[in-house]
Each structure stands twice: as structure tokens, then as C-alpha cells.
Amino acid sequence: MQASADSTRMECFWSNWKCQAIDLLYWRDVKQSGIVFGSVLLMLFSLTQFSVVSVIAYLALAALSATISFRIYKSVLQAVQKTDEGHPFKNYLDVEISLSQEQIQKYTDCLQVYLNSIVRELRRLFLVQDLVDSLKFAVLMWLLTYVGALFNGLTLLIMAVVSMFSLPAVYDKYQAQIDQYLGLVRTNMNMIVAKVQAKIPGAKQKE
């Protein structure tokens with residue numbers, strides 16, 4: 001019974017998390033999306049100038065400065081007004097944040113499924129189960145060598161964050177036009193792949 005309740009709560013948690021992520025990326029709440037987007041970008045740009053340890057230390061100091069100052073302010077205010085409201089962060093301190101064994105097991109099982117899927121796909125590509133797919137993977141890796149020469153990992157991460165917060169909103173606004181162009185690109189790519197498969201001996205034809 002407890003395991004079923006935990007599973008239900010976990011499913012609700014993931015469902016709410018996905019909804020919140022979609023709302024953020026689609027800028028349903030402009031203020032909230034702006035705060036998250038700006039905070040992430042600020043942290044990433046900080047990492048371009050300082051080490052990870054320095055950034056973490058500065059963020060921790062900033063958070064501690066805010067919470068300590070607020071705690072002292074509330075204590076002084078309570079002393080002056082002679083009230084007893086208790087700890088200002090009591091509601092947050094009482095929140096249960098520990099994971100149950102069932103939740104940890106569920107996270108582990110999900111991670112295992114993803115890892116096994118990645119390992120199987122890499123084995124299929126590197127051992128050339130499908131010649132065309134392996135060639136496409138090789139072309140992708142070749143292109144990534146040029147991308148790596150132009151940008152470092154942190155720059156790519158910044159570009160990914162900007163894309164995550166901009167492309168969904170653009171697609172939502174111009175969905176019809178984008179789908180039309182993507183359909184044309186997909187059709188042309190399928191034609192090219194079909195021609196390549198026809199010319200390569202032993203290439204597997206996909207249904």
C-alpha cells in the first residue's frame with residue numbers, strides 16, 4: 001500500500017515537473033521564465049570567467065548572506081515588537097525532502113533503462129549493424145570535430161540554454177510554416193538516404 005502511494009506521488013511529481021518545465025520553456029509566465037533563464041545564463045557566463053569551485057563558493061556566500069541577514073532582521077523585529085513568530089524559515093525546515101527506498105529504486109531503474117539503451121545503440125553503430133546508420137553517425141562525429149574546434153563545451157552549453165528558451169516559443173508561434181519546411185527537408189533527406197542505400201552493396205533497406 002505504501003509502495004503504491006509512493007509510486008502515485010512520484011508519477012504526480014514527474015507530471016508536475018514536466019508541466020512546469022514546458023511552462024518555463026514556452027514563457028507561459030514571463031517573469032518566472034525570465035528569472036530562471038537569467039539565473040542560468042549568469043551562472044554559465046560566470047563559469048567562463050571563474051572556476052567551478054569559485055562560482056559555487058560565491059553562490060553559496062550570496063545565499064548565506066541573504067538568509068543570515070533575513071534571519072537577523074526577523075529576530076530583531078520580533079525583539080522590538082515583542083512577538084514570538086518562531087524561526088522565519090520554519091515552514092521550509094519542516095518540509096520532508098528525503099527520498100524513500102522505492103523512489104531511489106525507481107530513479108535507478110529509469111537510469112538503468114537509459115544507459116542500457118545508449119550502450120545498445122552505440123554497439124549497433126560501432127559494429128555496423130546498419131551500414132547507412134553507421135555512416136550517418138560517422139558524418140555527425142566528423143562535423144562535431146569542426147564544432148569542437150570552434151566552440152568549447154561551455155559555449156555550446158550556453159547556446160543550448162539559449163536555444164531551449166527561444167526555439168520552443170518560436171516554434172509555437174510559427175508552427176505551421178516550420179512544419180512545412182521540416183516536411184520538405186525530411187522528404188529530401190529520405191530520398192538521399194534511399195539513393196545511398198541503393199548504391200551501397202549490403203545496405204539494409206528499412207521499411
Side-chain angles (χ1 to χ4, degrees), residues 1-115 118 151-173 175:
M1 194 65 158
Q2 181 64 31
S4 176
D6 288 340
S7 177
T8 302
R9 284 197 296 268
M10 182 59 65
E11 290 176 359
C12 292
F13 168 78
W14 280 113
S15 177
N16 292 333
W17 186 87
K18 289 178 181 178
C19 291
Q20 291 176 359
I22 291 173
D23 289 342
L24 282 175
L25 296 181
Y26 281 88
W27 293 79
R28 304 277 166 75
D29 186 337
V30 177
K31 182 179 179 180
Q32 188 176 14
S33 296
I35 291 174
V36 174
F37 181 52
S39 300
V40 173
L41 271 188
L42 178 62
M43 184 183 67
L44 292 176
F45 279 121
S46 298
L47 289 173
T48 62
Q49 303 296 325
F50 306 100
S51 68
V52 176
V53 175
S54 296
V55 171
I56 293 175
Y58 282 126
L59 289 175
L61 284 173
L64 283 171
S65 299
T67 54
I68 291 173
S69 299
F70 185 73
R71 173 69 191 280
I72 294 174
Y73 166 76
K74 293 296 290 186
S75 298
V76 172
L77 192 62
Q78 291 177 27
V80 171
Q81 297 178 348
K82 297 181 180 180
T83 59
D84 187 16
E85 298 178 1
H87 199 290
F89 299 116
K90 185 178 185 303
N91 292 335
Y92 299 101
L93 291 172
D94 292 339
V95 173
E96 180 62 41
I97 60 174
S98 62
L99 293 175
S100 67
Q101 185 64 35
E102 290 79 8
Q103 291 172 331
I104 295 175
Q105 185 63 43
K106 187 168 185 177
Y107 285 131
T108 305
D109 291 342
C110 291
L111 180 61
Q112 182 181 7
V113 170
Y114 288 129
L115 289 177
I118 292 172
F151 308 103
N152 59 32
L154 194 55
T155 303
L156 291 175
L157 188 57
I158 293 173
M159 294 170 63
V161 170
V162 173
S163 299
M164 285 173 57
F165 278 88
S166 58
L167 294 183
V170 173
Y171 177 76
D172 190 45
K173 187 175 182 179
Q175 182 175 357

Original post:
Can you check side-chain contact (heavy atoms from CB on, under 4.5 Å) on Lys74 and His87, steps first, answer last?
Top reply: CA-CA 8 Å; Lys74 293 296 290 186; His87 199 290; over 6 Å; no
Subject >> Pair Thr48-Asn152, side-chain contact (heavy atoms from CB on, under 4.5 Å): steps then yes or no >> reply: CA-CA 10 Å; Thr48 62; Asn152 59 32; over 6 Å; no
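- Looking at every heavy atom in both residues, Pro88 comes nearest to Phe70 through CB-CE2, 3.7 Å.
- Ser166 contributes a side-chain N or O that, together with a main-chain N or O of Val162, makes up a donor-acceptor pair within less than 3.5 Å.
- For the residue pair Tyr26 and Pro168, the shortest heavy atom distance occurs at CE2-O, 3.3 Å.
- Leu111 pairs with exactly one of Leu115, Val113, Thr108 by the side chain to side chain contact (heavy atoms under 4.5 Å, CB included) rule, that one being Leu115.
- Atoms CG and CD1, on Leu61 and Ile68 in that order, are 9.0 Å from each other to the nearest 0.5 Å.
- Rounded to the nearest 0.5 Å, atoms CG (Leu59) and CG (Leu64) are 11.0 Å apart.
- Rounding to the nearest 0.5 Å gives a distance of 6.0 Å between OH of Tyr114 and SG of Cys110.
- Rounding to the nearest 0.5 angstrom, the gap separating the CG atom in Leu157 from the CZ atom in Phe151 is 13.5 Å.
- The CD1 atom of Ile56 sits 12.0 Å away from the OG atom of Ser46 when rounded to the nearest 0.5 Å.
- The CD1 atom of Ile158 lies 11.5 Å from the OG atom of Ser163; values are rounded to the nearest 0.5 Å.
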I'd like a table of donor-acceptor pairs (distance under 3.5 Å, sequence neighbours excluded) in which one partner is a side-chain atom from residues 32-44, with atom names and distances.
from, atom 1, to, atom 2, distance (Å)
Ser33, OG, Leu24, O, 2.8
Ser33, OG, Asp29, O, 3.2
Ser39, OG, Ile35, O, 2.7

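- A 6.0 Å sphere centred on OH of Tyr73 holds no more than 12 heavy atoms belonging to other residues, nucleotides or ligands.
- For the pair Val52 and Leu47, the tightest heavy-atom approach, listed with the atom from each and the gap, is CA-CD2, 3.7 Å.
- Taking each heavy atom of Phe89 and Thr67 in turn, the nearest pair found is CE1-O, 3.8 Å.
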